[in-house]
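Below, all heavy atoms of this structure are taken into account, side chains as well, without hydrogens, waters or symmetry copies.
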Amino acid sequence: MNDTSSPSAGSAGSNDAALDDTSFFGHPRGLRTLFFTEMWERFSYYGMRAILVLFMTASLSQGGLGFTPSKAGPIYALYTSMVFLSTVPGGWIADNFLGAQRAVFSGGILIMIGHVLLAMHGLPFFYSGLAFVVLGTGLLKPCISSIVGELYSKEDARRDAGFSIFYMGINIGAFTAPLVCGYLAESTHFSAVLEGWGMDPKNSWHWGFAAAAVGMFFGLVQYSLTSKNLGDAGRHPAPIRDEDDRRARKRTLSIGIAGVAAILAAAFAYQQTATPLKSPRWEYSTGTVYRLVGVSPDKEFPYAGGEPVEARDIRISIGADVLAAIQFGEGASGVVEDLDISAGGSTIRSIRWESESVPRYAIFGAGSDGDDPTVYVADIAFDGFQKEVGAETAAAVQASIDAGARSGPLPGGDFKVGGLNEKVITGAYTVLMLVIILALFGKLLLGGGWTKSERARLVTIFVLFLGASVFWGVFEQAGSTLTLFAERNTQLSVFGYEFPASWFQSVNALAIVALAPVFAWMWVRLGSKAPSDPAKFAVGLFFAGLGFLVLAGGAMGSGGWLRVSPLWLFSVYLLHTIGELFLSPVGLSSMTKLAPARVASLMMGVWFLAASVGNFVSGTVSGFYEDLALPALFSYIALGAGVMAFVMFLLVGPIKRMLAQSE
């Protein structure tokens, strides 16, 4: 999993009593407290993440938000990126005001509140829930790793093993969460259970989010009951050196609060620029979708090829000529001629097509100023239309259609264009990320006072930062692009047993548990012959890109109603796990090992920033899921990782020589 825990994290040995404590498998009993706290926190995070994009892209009739991938992708990008970015100010607040122990508990409370809000209905609850999870993770995530480090002295031989045990807790939570939350949110079996209880089955999504809240609740309960085992590790913030130090801390906090307030004020002001449409109108039309059906030689029942698909997907599946024959045919169904296609290992025969009319709506009108351009939103299906204008207005429009109208004024009249939306916010966040990166590395690399050795190490850190950002940008497609591919393009059954699309996100954690001991043995076996850190980064990027190159091949066999074997996604997750095991364990260790002493703490923030950038890139790319052909989209992702891997391979020698010369 993409996690920042490392044997390098935390300050050393402030808890002397722990040196003789072997109560938890030979380790301090405080490790048990942190193990289960992190396990439940990761359960809540990965459980929610497993269903987040699926919930956003599910239609309103299915209980989702009805977002398109182009809208859900940027929201997912902002959320996952800010989760990691928030750890930098969160860690600073813990160090200077709260202390790590109190920050962990406070962060857990905020996370639980966030999941409870997500379990409720309505967009205000949805967005505020994501915000609470971001704030809570920012406090909890960096501090819990730091406390693990404080349970041991620098010389304690158990230190690395302790972090390995702690990492197992992370993966146990990450493995079980998609299974539990995904079952509650997506499983047709659980939906039937809800229906049997007299509840609306489309509300199953909120049961999945509620399960994430329950997981965090369990983590908080056991942390409260056993936190005494931590002793003084992380109990107090860093001591105040003098009055100047006290004033500096308060000044920094005040600047941060003022900055957040300024951003919120700017967002509110920008929202006021939204332009009301003058005499907004609606138009009604119908669009056609198609379904292919057939009978396989070894089965007597009709083969259902999935959900109805648009003409462009039919064209991909069966070709433009056959599509043209269907479109010019008479009636609402017919036979598909000259087509030999297979599904599930069986050749489909007697293939037929059926058409279905779907209501489509358009909104148009001029802005309040006559010079404003006409705004036209075309081809909105009813779920999306209702999302745009509200349930009451949509019902009024539908009543007009039932009465025979094909167009008319948009009831309500308060329809605005412009202001804040996911594209504007994503653009502003992109600028913010670039400013942070340029300011951070500009100050480091251009600042004076560095020795030749220190400057060489800073350049190396910058290269590794770029490599890590690209890697996480590819790897973290698991929660977005790969999840959409699982839901829409992959057979979700094994040996006749159907399973939710979100379950694929458990594969990485399972593979980590299985392969991590193999890699640990391999590095020990290789000893001094092990590849350098830049070389490990390059190999990790190579495997990340290879995963998507493989999936590009699989995507060629999917389209419209045709789904590919789940083995394609299993292969991708396996390759990505191998890449993670090459890159992730050495990432933060390399940052802290290479960093000049006076910026050692800052390098942990650099690693978090790389994860934040990667997650932002990942979610942004997923927004193109419906805009590009999948083989092309996956090939572009593979190409990006491949180019960065090639660059890293080229720089291995120069970096090693530069560091050797600067010693």
Ring-plane angle category for [X] and [Y], please: parallel below 30°, perpendicular beyond 60°, tilted otherwise.
X: Trp207; Y: Phe190; value: perpendicular
X: Phe537; Y: Trp607; value: perpendicular
X: Tyr183; Y: His189; value: tilted
X: Phe462; Y: Phe441; value: perpendicular
X: Phe608; Y: Phe84; value: tilted

[X] side chain vs [Y] backbone, donor-acceptor pair below 3.5 Å:
X: Gln505; Y: Ala50; value: yes
X: Ser44; Y: Met216; value: no
X: Thr577; Y: Ile512; value: no
X: Ser584; Y: Leu581; value: no
X: Ser618; Y: Gly614; value: no
X: Thr57; Y: Val53; value: yes
X: Tyr625; Y: Phe485; value: yes

To the nearest 0.5 Å, how far apart are [atom1] in [X] and [atom2] in [Y]?
X: Asn508; Y: Tyr573; atom1: CG; atom2: OH; result: 8.0 Å
X: Leu118; Y: Ile51; atom1: CG; atom2: CD1; result: 8.5 Å
X: Ile147; Y: Leu31; atom1: CD1; atom2: CG; result: 11.5 Å
X: Leu492; Y: Ser502; atom1: CG; atom2: OG; result: 9.5 Å
X: Leu220; Y: Ile109; atom1: CG; atom2: CD1; result: 4.5 Å
X: Leu510; Y: Leu179; atom1: CG; atom2: CG; result: 9.5 Å

Is any NZ, NE, NH1 or NH2 atom of the basic residue among Arg235 and Glu150 found under 4.0 Å from an Asp or Glu carboxylate oxygen of the other?
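A salt bridge is absent here (no side-chain N lies under 4.0 Å from a carboxylate O).
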Of the non-hydrogen atoms in [X] and [Y], which two are nearest, and what is the gap between them?
X: Ala211; Y: Cys181; value: CB-SG, 3.9 Å
X: Met644; Y: Gly467; value: CE-N, 3.7 Å
X: Ser128; Y: Leu117; value: OG-CD1, 3.7 Å
X: Ser622; Y: Gly73; value: OG-CA, 3.3 Å
X: Tyr223; Y: Thr37; value: CD1-OG1, 3.4 Å
X: Trp205; Y: Ala185; value: CE3-CB, 3.8 Å

Within the 4.5 Å heavy-atom criterion, are [X] and [Y] side-chain neighbours or not?
X: Leu140; Y: Leu110; answer: no
X: Tyr79; Y: Ile75; answer: no
X: Trp523; Y: Lys536; answer: yes
X: Met120; Y: Phe209; answer: no
X: Phe465; Y: Ile437; answer: yes

Centroid-centroid distance, Phe570 to Phe504, less than 6.0 Å:
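Distance test on ring centres: under 6.0 Å, yes.
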Taking the ring centre of each residue, are Phe218 and Phe43 less than 6.0 Å apart?
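Ring-ring flag for Phe218/Phe43: false, centres at least 6.0 Å apart.
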Please output the side-chain donor-acceptor pairs of residues 90-105 that fall under 3.5 Å, not counting sequence neighbours, one pair per line with the distance.
| residue | atom | partner | partner atom | Å |
| --- | --- | --- | --- | --- |
| Asn96 | OD1 | Arg249 | NE | 3.1 |
| Asn96 | ND2 | Trp92 | O | 2.8 |
| Gln101 | NE2 | Gly231 | O | 3.1 |
| Gln101 | NE2 | Ala233 | O | 2.8 |

Report the C-alpha separation of Tyr76 and Leu52 in whole Å, then their side-chain angles, then the decisive distance to 0.1 Å, and conclude whether the side chain to side chain contact (heavy atoms under 4.5 Å, CB included) test is met.
CA-CA 8 Å; Tyr76 179 84; Leu52 182 59; 3.9 Å; yes
Test applied, ring-ring contact (aromatic ring centres under 6.0 Å, His included); reference residue, His576; option that passes from Phe548, Phe543, Phe471, Trp472
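The ring-ring contact (aromatic ring centres under 6.0 Å, His included) with His576 is passed solely by Phe548 among Phe548, Phe543, Phe471, Trp472.
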Could you go through the side chain to side chain contact (heavy atoms under 4.5 Å, CB included) check for Leu551 and Ile637 one step at a time?
CA-CA 11 Å; Leu551 193 59; Ile637 297 172; over 6 Å; no
Set out, in order, the CA-CA distance, both residues' side-chain angles and the distance that settles side chain to side chain contact (heavy atoms under 4.5 Å, CB included) for Phe55 and His206, then state yes or no.
CA-CA 9 Å; Phe55 171 66; His206 301 281; 4.0 Å; yes
Among Thr137, Val88, Thr87, side chain to side chain contact (heavy atoms under 4.5 Å, CB included) partner for Pro142
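Exactly one option meets the side chain to side chain contact (heavy atoms under 4.5 Å, CB included) with Pro142, and it is Thr87.
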Run Gln222 and Thr33 through side-chain hydrogen bond (donor to acceptor under 3.5 Å, both in side chains) and show every step you take.
CA-CA 7 Å; Gln222 76 85 32; Thr33 298; 5.0 Å; no
Please list, chain by chain and in numerical order, all residues satisfying side chain to side chain contact (heavy atoms under 4.5 Å, CB included) with Tyr429, sequence neighbours excluded.
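Checked Tyr429 against side chain to side chain contact (heavy atoms under 4.5 Å, CB included); matches are Leu78, Ser81, Met82, Leu85, Leu432, Met433, Ser612, Phe616.
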In chain order, what residues pass the side chain to side chain contact (heavy atoms under 4.5 Å, CB included) check against Val513, with sequence neighbours excluded?
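Once residues adjacent in sequence are excluded, the partners of Val513 under the side chain to side chain contact (heavy atoms under 4.5 Å, CB included) criterion are Met168, Asn171.
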Take atom [atom1] in [X]; do more than 12 heavy atoms of anything else shown fall under 6.0 Å from it?
X: Phe519; atom1: CZ; answer: yes
X: Phe125; atom1: CZ; answer: no
X: Phe132; atom1: CZ; answer: no

Take Tyr46 and Phe175 through the ring-ring contact (aromatic ring centres under 6.0 Å, His included) test and state the conclusion after the steps.
CA-CA 8 Å; Tyr46 284 107; Phe175 170 72; over 10 Å; no
Cation over ring face, Arg42 and Tyr45, 6.0 Å, 45°
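So Arg42 does make the cation-pi contact.
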Report the C-alpha separation of His115 and Val214 in whole Å, then their side-chain angles, then the decisive distance to 0.1 Å, and conclude whether the side chain to side chain contact (heavy atoms under 4.5 Å, CB included) test is met.
CA-CA 9 Å; His115 292 310; Val214 171; over 6 Å; no
Ser204 and Glu186 side chains, donor-acceptor separation under 3.5 Å
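No.
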